[in-house]
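What follows is a single structure, written as structure tokens, with notes after it.
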Amino acid sequence: MRRWNGWGDENFNLNLPDEGQQFLSDRIGEARPLPDATLEAVRKQVPESRLPPHELIDTSADVRIRHARGQSLADWLAMRSGQFGVFPDGVALPKTTEEVRELLAYAKDNNVKVIPYGGGTSVAGHITPLADSQPVLTISLAAMNRLMDIDTDSQIATFGAGTPGPLVESQLRAQGYTLGHFPQSFELSTIGGWVASRSSGQQSLRYGRIEQLFAGGRIETLKGTLDIPTIPASSAGPDIREMILGSEGRLGIITEVKVRITRLPEKESFHVVFFQSWEKAKAAARELVQNRVQLSMLRLSNAIETETQLALAGHPGQIRLLETFLSLRGANDEKCMMTFGVTGSKHQCRSALSEARKYCSAQGGVYTGKYLGAKWAEKRFTMPYLREALWQLGYAVDTLETATDWDNVDNLLSRMENNLRQGLAENNERLHVFTHLSHFYGQGCSIYTTYVFRNGDSYEETQDRWQRLKTSTSQVIVENGGTISHQHGVGKDHAPFLEVEKGELGMTAISSLCETFDPAELLNPGTLIQSRNN
Ligand SMILES: Cc1cc2nc3c(=O)[nH]c(=O)nc-3n(C[C@H](O)[C@H](O)[C@H](O)COP(=O)(O)OP(=O)(O)OC[C@H]3O[C@@H](n4cnc5c(N)ncnc54)[C@H](O)[C@@H]3O)c2cc1C
């Protein structure tokens with residue numbers, strides 16, 4: 001069963017090896033866990049539902065608890081402390097488009113706020129209900145999780161919007177196809193959620209972001225049904241799909257998603273190269289992407305992330321051997337690890353691998369083969385469980401991500417990291433901060449920074465620490481040419497920072513779009529753009 005107060009399956013745990021614990025303790029000190037609230041205690045806090053009864057709506061306490069929060073650190077603190085704040089008044093799990101339509105009509109008639117819910121993996125406060133005088137209904141698409149149609153001539157598949165990653169892939173694989181969309185939240189996030197929050201998968205270099213994969217579909221709105229036909233390309237004015245991508249539940253409920261699929265590749269492998277310095281590693285990554293080498297994924301860790309990954313991996317004997325080998329080739333303390341993937345026919349993979357090695361060698365890269373790449377692939381979707389292990393020890397972990405042009409990458413990255421490192425100086429607390437680049441483009445790349453800090457003495461203090469770090473670093477991002485989000489979306493947490501990027505006129509246009517579909521502001525208020533009433 002899914003954890004009610006954290007990530008993933010409650011029967012699956014990932015342990016932090018002793019060396020990893022020592023590594024963190026050396027850097028930021030030993031931590032103390034905060035006490036977890038029990039489910040029983042939280043149940044007692046759930047207030048009576050304010051919703052008029054409806055046969056499709058469940059108002060029991062457990063279902064409302066399980067749909068009240070996403071997966072940001074703020075959400076974790078709320079769930080673990082039991083201080084949820086607000087619960088939805090009820091949850092509906094429609095099975096058909098007709099039921100979604102019926103629920104929207106009910107919401108309109110009864111002046112009920114609606115939060116569309118995919119897998120609840122938001123890390124930006126998308127699905128958290130706000131305190132409101134009107135009742136809040138969460139509509140989960142979880143029961144609409146089937147492959148509905150597959151057109152192998154056009155390579156278009158139609159899915160129920162609530163289909164989670166593993167079901168998308170298993171249903172396609174059974175017919176020899178893949179979508180190739182693998183966000184790290186793959187285990188729980190859904191195809192409708194990916195579209196609604198403009199998600200990006202780890203192999204976006206080959207398959208594209210969700211924007212490139214989303215071909216059309218059906219959206220139920222308070223003003224009627226919007227059907228978006230699948231057309232390979234068009235010059236017929238603005239693209240309606242672009243309106244839906246990143247709409248974050250503000251315009252309507254996506255019920256069917258049509259996506260562009262690809263035949264399963266003949267071969268796939270992941271490889272690791274180490275560089276002597278950040279400069280050389282970054283130059284190699286830029287060369288690879290600007291010369292359009294056909295990689296399927298690329299990730300470049302800075303020196304601290306490289307050191308952290310090797311320390312947390314366990315197996316100290318093997319890591320020492322690797323480090324001796326790398327040292328003999330000039331890659332020492334400043335070494336940076338690059339992981340890349342090749343996917344396709346045997347011929348395509350061979351040629352991409354040989355091209356990639358050529359560009360890496362030109363920057364002095366030390367190629368170490370497939371072993372570490374295979375380890376990355378093995379753990380790519382279980383890494384989120386590490387957060388649970390860190391939490392049990394008393395460490396809080398969160399990430400900040402953005403994207404910028406190549407000429408600004410170093411500036412933005414160092415400002416983000418420095419701001420985080422100094423962020424708790426007044427509490428005499430050190431942070432462990434590290435970064436990787438991923439999602440590479442000819443023009444620039446995404447920057448993904450992780451920070452670990454010790455919990456405060458109380459939940460309130462820990463929440464205050466997080467809020468200060470999050471707000472000040474988000475400000476640093478938008479003031480220094482970064483987007484407020486490359487892949488996590490806007491939600492409620494990033495909404496105050498959106499105007500810097502979109503401009504006043506841009507924000508007016510987005511607000512007008514929301515008003516066109518939802519004049520009474522019933523759909524997910526406060527997400528994407530701040531609520532008119534708050
Ligand atoms: C550990 C972890 C790793 C992550 N890794 C990545 C990553 O690699 N790449 C990435 O892009 N993101 C990542 N994320 C963020 C998150 O998984 C994505 O934003 C994802 O797209 C959300 O999908 P979901 O189905 O969980 O949507 P939810 O979290 O349920 O909802 C997100 C938003 O979409 C709206 N929505 C959902 N479904 C619908 C629908 N059918 N119709 C209308 N609106 C809808 C909701 O109202 C909400 O505003 C990660 C999150 C976590 C916790």
Side-chain angles (χ1 to χ4, degrees), residues 2-3 6-8 67 69-73 75-76 88 94 97 100 104 113-129 138-145 159-165 168 181-204 209-211 214 217-221 226 244-257 297 299 380-388 397-399 401 403 436 438-439 446 448 450 485-495 517 523-529:
R2 187 170 166 175
R3 280 194 173 86
W7 177 261
H67 291 83
R69 287 288 181 155
Q71 290 291 327
S72 72
L73 183 55
D75 293 326
W76 266 59
T97 289
V100 172
L104 285 177
K113 305 275 183 190
V114 170
I115 301 183
Y117 184 104
T121 66
S122 156
V123 279
H126 289 87
I127 46 99
T128 315
T138 292
I139 301 185
S140 164
L141 279 294
M144 296 173 72
N145 60 8
F159 282 96
T163 316
V168 169
H181 191 73
F182 304 111
Q184 199 192 41
S185 56
F186 179 77
E187 182 184 335
L188 299 175
S189 56
T190 63
I191 198 164
W194 299 338
V195 171
S197 55
R198 289 189 91 99
S199 153
S200 192
Q202 291 164 343
Q203 284 173 261
S204 62
R209 288 167 61 96
I210 200 69
E211 292 98 296
F214 177 48
R218 171 166 288 186
I219 298 95
E220 293 302 329
T221 83
L226 189 64
I244 299 306
L245 284 157
S247 57
E248 301 194 350
R250 292 295 309 242
L251 306 184
I253 300 187
I254 306 164
T255 55
E256 290 174 20
V257 180
M297 68 79 65
R299 170 187 172 124
R380 62 197 287 195
F381 305 129
T382 52
M383 281 319 281
Y385 286 89
L386 197 54
R387 205 164 160 197
E388 183 71 34
V397 56
D398 198 15
T399 60
E401 48 86 43
H436 66 261
S438 54
H439 305 283
S446 68
Y448 192 96
T450 303
S485 177
H486 167 267
Q487 63 199 55
H488 290 165
V490 181
K492 297 183 184 73
D493 296 351
H494 298 151
F517 284 97
L523 291 173
N524 217 356
T527 287
L528 182 63
I529 46 172

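Residue numbers start at 1 and run along the sequence shown. Ligands are counted one by one from 1 in listed order, and the atoms in each one are counted from 1 as well.
Under the 4.0 Å criterion applied to side-chain N and carboxylate O atoms, Glu248 and Arg198 are not assigned as salt-bridge partners.
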Query raised in the report: So Thr190 and Thr163, side chain to side chain contact (heavy atoms under 4.5 Å, CB included) or not? Walk me through it.
Result: CA-CA 5 Å; Thr190 63; Thr163 316; over 6 Å; no

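Looking at Glu388 and Trp7, their side chains never bring a donor and an acceptor atom within 3.5 Å of each other. Looking only at atom types and distance, the side chain of Ser200 has a donor-acceptor partner in the side chain of His439 under 3.5 Å away. When only modelled atom types and interatomic distance are considered, Glu187 and Tyr385 share a side-chain donor-acceptor pair under 3.5 Å. Gln202 and Arg380 are linked by a side-chain donor-acceptor pair at a separation below 3.5 angstrom, with hydrogens and angles left out of the test. A donor-acceptor contact under 3.5 angstrom links the side chains of Ser485 and Glu401, judged on distance only.
Contacts between Leu141 and ligand 1 below 4.0 angstrom, taking non-hydrogen atoms only, involve the side chain exclusively. Contact annotation for Ile115 and ligand 1: no heavy atom of the residue comes within less than 4.0 Å of the ligand. Contacts between Thr121 and ligand 1, counted as non-hydrogen atom pairs separated by less than 4.0 Å, involve both the backbone and the side chain. Here Ser122 has heavy atoms under 4.0 Å from ligand 1 in both its backbone and its side chain. Contact annotation: for Glu248 versus ligand 1, heavy atoms closer than 4.0 Å belong to both the backbone and the side chain.
Figure legend: cation-pi geometry between Arg250 and Phe517 absent, as NZ or CZ is not positioned both under 6.0 Å from the six-membered ring centre and within 45° of its axis.
Closest to atom 48 (C) of ligand 1 among all protein heavy atoms lies His126 CB, 3.4 Å. The protein atom (non-hydrogen) at minimum distance from atom 28 (P) of ligand 1 is Gly120 N, 3.6 Å. Protein heavy atom nearest atom 24 (P) of ligand 1, with residue, atom name and distance: Gly119 N, 3.3 Å. The protein heavy-atom contact nearest to atom 25 (O) of ligand 1 is Thr190 OG1, 2.7 Å. For atom 41 (N) of ligand 1, the closest non-hydrogen atom on the protein side is Ile254 O, 3.0 Å. Atom 11 (O) of ligand 1 has as its closest protein heavy atom Ser200 N, 2.9 Å. Looking at atom 2 (C) of ligand 1, its nearest protein heavy atom turns out to be Ser185 CB, 3.9 Å. For atom 31 (O) of ligand 1, the nearest protein heavy atom (residue, atom name, distance) is Ile127 CG2, 3.9 Å.
When every heavy atom of Leu528 is checked against every heavy atom of Ala495, the shortest pair comes out as O-CB, 3.8 Å. Contact record, His126 with Ile115: O-CG2, 4.5 Å, taken as the closest heavy-atom pair.
Residues Ile253 and Ile219 are not in side-chain contact: their nearest non-hydrogen atoms beyond the backbone lie 4.5 Å or more apart. Between Gln487 and Pro183 there is no side-chain heavy-atom pair separated by less than 4.5 Å. Between Ile244 and Ser247 there is a side-chain heavy-atom pair separated by less than 4.5 Å. Side-chain contact between Arg218 and Ile254 is absent, with no heavy atoms from C-beta onward closer than 4.5 Å.
Listed by number with element, the atoms of ligand 1 under 4.0 angstrom from any heavy atom of Ala161 are 41 (N). Contact atoms of ligand 1 toward Gln71: 53 (C) (distance under 4.0 Å to a heavy atom of the residue). Applying the 4.0 Å criterion to heavy atoms of Ile253 picks out, from ligand 1, the atoms 42 (N), 43 (C). Listed by number with element, the atoms of ligand 1 under 4.0 angstrom from any heavy atom of His488 are 12 (N), 13 (C), 14 (N), 15 (C). Close contacts between ligand 1 and Trp7 involve ligand atoms 53 (C) [criterion: under 4.0 Å to a heavy atom]. Close approach of ligand 1 to Gly252 (heavy-atom distance below 4.0 Å) involves ligand atoms 43 (C). Per-residue contacts place Ala196 under 4.0 angstrom from the following atoms of ligand 1 (heavy atoms of the residue considered): 34 (O), 35 (C), 36 (N), 44 (N), 45 (C). For ligand 1, the atoms lying closer than 4.0 Å to a non-hydrogen atom of Pro384 are 1 (C).
Of the candidates Gly249, Gly193, Pro116, it is Pro116 that places a heavy atom closest to atom 47 (O) of ligand 1.
By the 3.5 Å distance cut-off applied to N or O atoms, Ser197 is counted among the residues near ligand 1. Between Arg387 and ligand 1, not a single N/O pair is under 3.5 Å apart. The shortest N/O to N/O separation between Gln487 and ligand 1 falls below 3.5 Å. Not one N or O of Ser189 is nearer than 3.5 Å to an N or O of ligand 1, by distance alone. Considering both main-chain and side-chain atoms, Ser199 comes within under 3.5 Å of ligand 1 through a nitrogen or oxygen pair. Considering backbone and side-chain N/O atoms, Pro183 never comes within less than 3.5 Å of an N/O atom of ligand 1.
His181 and Trp194 have tilted rings, their planes meeting at an angle from 30° to 60° on a 0 to 90° scale.
Remark: the backbone N or O of Leu188 is not paired with any side-chain donor or acceptor of Ser185 at under 3.5 angstrom. Checked by atom type and distance alone, the side chain of Lys492 pairs as donor or acceptor with a backbone atom of Thr128 at under 3.5 Å.
A heavy-atom separation below 4.0 Å is not found between Gly70 and ligand 1.
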